[in-house]
Each structure stands twice: as structure tokens, then as C-alpha cells.
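Since the structure comes first, as C-alpha cells, the remarks are kept for the end.
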Amino acid sequence: MTCELILGGARSGKSGEAERRAAASGLAVTVIATAEALDDEMAARIRRHRADRPAAWRTVEAPLALAATLRREAAPARCLVVDCLTLWLANLLAGAETLPPGADAEALPRFRDERAALLAALPALPGRVILVANEVGLGLVPETPLGRLFRDEAGRLNQAVAACCADVVFVAAGLPLVLKQG
């Protein structure tokens, strides 16, 4: 298994970099989409992303059960592109606003279980897996406790996933910078 993490900010080119790597792999590609079309603007974004990808690529939606989806879809002759871990994290943090002050997301059973399942699954998956995530910790400190929790958990998730991956790339202004090459 080859596992790669592509990090970057909003509109940095990280999804495009992941798609270029997937296309260059020569493998059948399946995109694991974590976004949900909860409003018209997000639905339009999802349609645009699908239209931009090659017609032969499959898309599987996994807003919550990412590890189970990866285990089901991974195969030696397949490349999976997960776009993106940050939206998946946001989906898992539903209910976090009810946590007591200072609590971390480990107090949310679904978050704790799904995150652990993902980190356990990654090293054992056959084929190639390219994960896309936002690097959200480069900006201002969020104003709200929920915003700070999200930022902190995104950073922790990115670190844990990067430790599982042979290759890690940071994309800024459409330019890939290799952080780790295995």
C-alpha cells in the first residue's frame, strides 16, 4: 500500500495535485467524497468537482464511515482519492457544541471511534490511497470554542495521518512542496 497526504489551504491546488497523482498512477481511480450537499452552494461545488474529473473515475460518498469505505473500496489495482479529511472531520464533530468548556473531541464517541478506525485502517489498505486535507492552523486563532476545537482536531488528525503516510506534500499557490518522501 502506498499512502500519501496532500495538505494545503483553501483553493491552494491540493485537490488538483491529488488528482494529477491519481491520474499518473495508471490505476483505476475511485474518489471518496466526504462533502454533503446541505445547501445549494455546496451542491454546485460538488457538481463542479465531479464535472472536472475524468468520466471513468468512480465517486463514492462517505461523509462519516470513512474507514469502512476505504476497506471496502481499496484494492491492489486501484487508487483511492479521499477529498477531503477536513470535511469528514467537520461531519464527525456534529454535537461538539454541547461539550463542556475545555473538553476535547475524544468525548464524542462517533469521532473517537471513526478517527481510530481510520488510523488503524490506513497502514493495512491495499493499492494506493491519496488523502487530501486542509492545513487550517496557519491563520488566526478562531474566535469561538467550537472553532478552536475544530482547528486543534484538524491539526492532530493531519499529524496522525502524516505519520501513517509514506509521502506528504504541502501545496501553496498550486505549487507542491514535498514535506516527506518515503
Side-chain angles (χ1 to χ4, degrees), residues 2-23 25 29-39 41-54 57-74 78-94 96 105 110-111 114-115 117-119 121-122 125 127-139 142 147 149-165 167-177 179-180:
T2 303
C3 184
E4 303 168 53
L5 176 60
I6 311 295
L7 295 164
R11 295 287 177 248
S12 63
K14 62 190 176 297
S15 292
E17 178 66 18
E19 290 171 2
R20 278 189 292 283
R21 288 168 175 261
S25 75
V29 177
T30 299
V31 176
I32 310 296
T34 62
E36 294 183 283
L38 300 177
D39 58 44
E41 187 269 341
M42 185 56 91
R45 284 176 180 261
I46 291 170
R47 282 193 303 276
R48 206 168 33 251
H49 273 280
R50 281 184 183 233
D52 289 346
R53 293 193 287 259
W57 289 14
R58 290 178 55 241
T59 300
V60 175
E61 295 180 2
L64 293 170
L66 182 56
T69 302
L70 288 169
R71 285 192 302 274
R72 184 180 66 246
E73 296 294 330
R78 188 175 295 156
C79 178
L80 303 180
V81 176
V82 177
D83 200 355
C84 82
L85 289 177
T86 314
L87 282 172
W88 173 72
L89 173 66
N91 296 339
L92 289 176
L93 290 178
R110 180 111 199 213
F111 166 84
E114 291 292 338
R115 183 181 187 279
L118 173 67
L119 296 175
L122 286 178
L125 296 172
R128 187 169 180 181
V129 180
I130 303 171
L131 303 127
V132 177
N134 287 305
E135 180 55 66
V136 300
L138 296 173
L149 175 71
F150 175 77
R151 180 218 39 204
D152 293 349
E153 293 303 339
R156 289 182 188 113
L157 178 64
N158 288 347
Q159 287 184 57
V161 170
C164 295
C165 292
D167 297 321
V168 179
V169 174
F170 183 80
V171 179
L175 302 171
L177 173 66
L179 302 177
K180 177 181 175 184

Would you call [X] and [Y] a side-chain contact if the rule is heavy atoms closer than 4.5 Å?
{"X": "Leu7", "Y": "Asn158", "result": "yes"}
{"X": "Met42", "Y": "Glu36", "result": "no"}
{"X": "Leu118", "Y": "Leu85", "result": "yes"}
{"X": "Leu80", "Y": "Arg128", "result": "no"}
{"X": "Thr59", "Y": "His49", "result": "no"}
{"X": "Val81", "Y": "Thr30", "result": "no"}
{"X": "Glu135", "Y": "Thr86", "result": "no"}

Has the side chain of [X] got a donor or acceptor atom that lies under 3.5 Å from a matching backbone atom of [Y]?
{"X": "Asn134", "Y": "Val136", "result": "no"}
{"X": "Trp57", "Y": "Val31", "result": "no"}
{"X": "Lys180", "Y": "Val169", "result": "no"}
{"X": "Asp83", "Y": "Leu131", "result": "no"}
{"X": "Thr34", "Y": "Cys84", "result": "yes"}
{"X": "Asn91", "Y": "Ala35", "result": "no"}
{"X": "Arg71", "Y": "Leu125", "result": "no"}

Could you tell me the separation between the [atom1] atom of [X] and the [atom2] atom of [Y], rounded to the nearest 0.5 Å?
{"X": "Ser15", "Y": "Arg53", "atom1": "OG", "atom2": "CZ", "answer": "8.5 Å"}
{"X": "Trp88", "Y": "Leu64", "atom1": "CH2", "atom2": "CG", "answer": "9.0 Å"}
{"X": "Phe111", "Y": "Leu157", "atom1": "CZ", "atom2": "CG", "answer": "7.0 Å"}

So, are Glu19 and Arg50 salt-bridged, with charged N and O less than 4.0 Å apart?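 Salt bridge flag = no for Arg50 with Glu19.
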
If the threshold is 4.0 Å, N to carboxylate O, is there a salt bridge linking Glu17 and Lys14?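 Salt bridge flag = no for Lys14 with Glu17.
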
